[in-house]
Amino acid sequence: MPSSLAFWAGISWIQNCVALASFEQLGLLILVAISSWKYRAWPLCCLCLGLVWASLFGIERMANRLPSTLIQKEISVQGYISSLPQQHPHHQSFDFIVLIPDGRFPHKLRLNWYNAPPLEAGQSWQLSVKLKPPHGTLNPAGFDYETWLFANGFDATGYVSASKRLDNQSTFNPQQWISRWRNDLAKRIDLALPEGQQNAIIKALTLGSQNGISQSQWQLYQQTGLIHLIVISGSHISLIAGLVFVVVRKAWVWTGLMAVPPHLPAAIVSWLAGMIYGALAGFSIPTLRAVVMLSIIMLALVWQRNTHTWEIFKTAVTGVLVIDPPAVLQTGFWLSFLAVALLIHLAHGRLGKTSNWREFIFNHFASSFGLTPLLLVYFQQLSLVTPLANAIAIPLLGIIIVPVALIALILLYLLPELAHYLLMACDSLLVYLELVMQWMVQIPHAYLNFPQPSFYAAIGAGLGVLLLTTAKGFPGKQFAIGYFAPIFFLNLARPAYAEIKMTVLDVGQGLAIVIATQNHTLVYDTGSHMPDGLDMGNAVVLPYLYQQGVNKLDYLIISHGDNDHSGGAASIFAQLPVSDVLSSDARWAESERGRYCQSGQSWQWDGVKFSLLSPPATAFIKENNNSCVLQIRTHGQSILLTGDIEQEAENGLSEQFRGQLHHHILLAPHHGSKTSSTETFLAQVQPELTIVSSGYLNRFHFPHPSVVARYQHVGSRYLNTATSGAIALETDENRFSVQTQRQQQKHYWRPQDPN
């Protein structure tokens, strides 16, 4: 086991390095590995092998990245659609495998196609595309899209500008054939269930496609802790393979053909069933992990080796990391393997025999409890109804719905009418399950949000889990709660009196800022809500607030009505109590607890003064100019948040506060557009630091180069969330400190902050 742990550590270490090892360093590591092998220093040898293998894998992966000379240039590619296209109101998104050009060129693309013709997985196309390197918003909490892109093998993202449909290639391509097969099954499910309410969930359970699952459904499954059940992963594949193994073994015994041991055909058929199920899911990364683990387990059964369960486990983990070293970057890797490890731990070292039901209930609740530290680290949310929800959903989905739905897929080709009735039964059961889940989330305190625990608190909680789940009489078991408790009782640092912490979150082309004083929290703007369902309030702002331990907002300021500033507000209102709302937009100003913002309003929290400088009593014609302009004064610093004001409002501020407009920190008006940040305005503000909130390579080309030149002309340091990620600023008497998220999360595969 120490050797395996050393190999895993080497793999994980490289994924968190800022740069990959040079060939000279790799050569040295290989020499150390050879020497260690010669002297039987196995852990050191395995550590070096892990470092070398992960480095070589990373070098190969990075070699296929989009060259900087081709960013947003028109490029012609040929290949095929490898995923089931995802439908959005104005576009379709899909994965595309590039066959031409080959060689050192991005192999796997994530593309959007606006006003696209009907698209199907497996189709061959010649596309004109504009690409950019894998990039995503980067914040202290919330989904890390950029990591997801890398871990799933995407070399570039972009959109289609022109196209030409190609005849399917005459040469057999297994991956393309599987894509066509999955697409055909998806269409047959829709034909068999024209009025089905749960088609999207059935496709998720059988084909691994998450297209069509609504935001409310995602939220419901997350709040009940069942999100893992609608993603084909280890649990689904192991259940199906296990059922097939039991059925085939019993059937073989019934035939009386005992010349061949029953476990042999059972293992082979169950392995084939797992492989076919993995193919249905398109051999996604989580599915690949499960198939590798199943293959190792079935191989051990076929060989009839007296192999310890831990040996199978460590071989499976090692096999997955050899095939896919970046798997350690995915939450699913840790959740799936730690869940299995916990079940193995629960099964060992216990005397006596309990009933199957008692054992199932004990293991179920113990594993749900045991994964709590990891769930708090990744999601900062704990569902108290998860054990009950899992107890209902796991047997229902794993033993009834998924097997029946898979049988129905086969019957779609043989007996379509029978397949229709089976799918209708699955649809009805899923409707009832959803009703039960909706009832569960209405239970008071069904799910709770916690601050993100520190690394040491999570490690301590993990030790507490091990002690609590050991057999009775194990030394130190009585201290388990003491190890576990700190993850729930974190003492989060708040700003000192008369100081603030301000975080400009990375919400792409939009704005969202969180400002904390010693005892209060204010949110200024909430990011956008996109037609495809991406809601920055739900995806970025709320996770950050939960991570910081914020359970209510004292003020929510929505500077104006543009979607990129107000789109996420509804999600925040739905999840957190908000004491007061200020806005220049009637929708929010005239809501409950809402007021119009206007020049002259002010308040003080914990020695920090907040004042609204604009809009004036006589509003401007253009909505952008009516943005709520907020001034913040701490003990020794002043900050100006300007929303989307442009030249007219800037001139108004310059005239009204002539000689009093100097601020140390400026939020660039209107994301740095050339219609804002005028020379007159900047000459009066004279900021030491200017922060721009904009999207990476956005279509508006914000911030405009001429505006950046103006910031530099007045001697202002300039930061942009597009290249820096979230920007955290803390004041301390007569100075302030700044940290960017890309400085905090450096990896060899992540573009670095140029500032």
Side-chain angles (χ1 to χ4, degrees), residues 502 504-505 507-515 522-529 536-537 541 555-569 572 580-591 594-603 610-632 638-657 661 663 665-678 680-682 684-685 687 690-695 698 700 702-704 707 711 721:
M502 183 178 83
V504 182
L505 295 170
V507 292
Q509 187 56 40
L511 180 65
I513 302 175
V514 177
I515 299 147
L522 178 153
V523 168
Y524 182 95
D525 284 344
T526 60
S528 61
H529 181 101
M536 288 300 178
V541 182
Y555 259 114
L556 174 59
I557 298 179
I558 303 170
S559 65
H560 63 300
D562 283 0
N563 176 59
D564 60 331
H565 292 251
S566 66
I572 294 173
D580 287 289
V581 180
L582 282 171
S583 181
S584 65
D585 184 65
R587 178 187 174 190
W588 306 107
E590 297 178 5
S591 65
R595 288 180 293 149
Y596 281 98
C597 60
Q598 189 173 321
S599 176
Q601 295 168 326
S602 65
W603 66 96
F610 296 81
S611 305
L612 284 164
L613 306 187
S614 189
T618 303
F620 296 102
I621 297 174
K622 195 172 182 180
E623 185 179 6
N624 278 355
N625 286 319
N626 288 316
S627 296
C628 306
V629 176
L630 179 66
Q631 178 192 73
I632 306 167
S638 56
I639 302 166
L640 190 63
L641 306 183
T642 56
D644 269 0
I645 64 170
E646 298 179 3
Q647 182 173 352
E648 186 180 6
E650 290 179 3
N651 290 341
L653 288 170
S654 299
E655 292 174 8
Q656 183 179 355
F657 299 98
L661 208 53
H663 289 79
I665 299 137
L666 171 69
L667 175 74
H670 199 201
H671 317 284
S673 74
K674 63 181 179 181
T675 59
S676 61
S677 297
T678 61
T680 302
F681 179 70
L682 291 179
Q684 289 210 38
V685 178
T690 301
I691 298 175
V692 178
S693 180
S694 69
N698 63 84
F700 306 104
F702 293 160
H704 195 272
V707 174
Y711 300 147
T721 57

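In this text the structure is predicted, and so the values were computed from the model without any measurement.
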NZ/NE/NH1/NH2 to OD/OE distance under 4.0 Å, Glu646 and Lys622
yes

Side chain of [X], backbone of [Y]: donor and acceptor closer than 3.5 Å?
X      : Y      : answer
Glu650 : Ser677 : yes
His663 : Pro687 : no
Ser559 : Cys628 : no
Glu623 : Gly561 : yes
Ser583 : Ala589 : no
Tyr711 : Leu682 : no
Asp585 : His560 : no
Thr690 : Ala668 : no

Assess whether ring pair (Phe, Tyr, Trp, His ring centres under 6.0 Å) is satisfied between His670 and His704, documenting all intermediate values.
CA-CA 11 Å; His670 199 201; His704 195 272; over 10 Å; no

Residue set satisfying ring pair (Phe, Tyr, Trp, His ring centres under 6.0 Å) with His529, at least two apart, ordered chain then number -> none

The complete set of salt bridge (charged side-chain N to carboxylate O under 4.0 Å, His left out) pairs with one or both residues in residues 557-569, sequence neighbours excluded, reads none

For Thr721, run the side chain to side chain contact (heavy atoms under 4.5 Å, CB included) check against Val507, Leu511, Leu505, Val504 and tell me which one passes.
Val504

Search all heavy atoms of Leu641 against all heavy atoms of Tyr524 and return the closest pair with its distance.
O-OH, 3.6 Å

If you measure from OH on Tyr555 to CZ on Arg595, what distance do you get to the nearest 0.5 Å?
4.0 Å

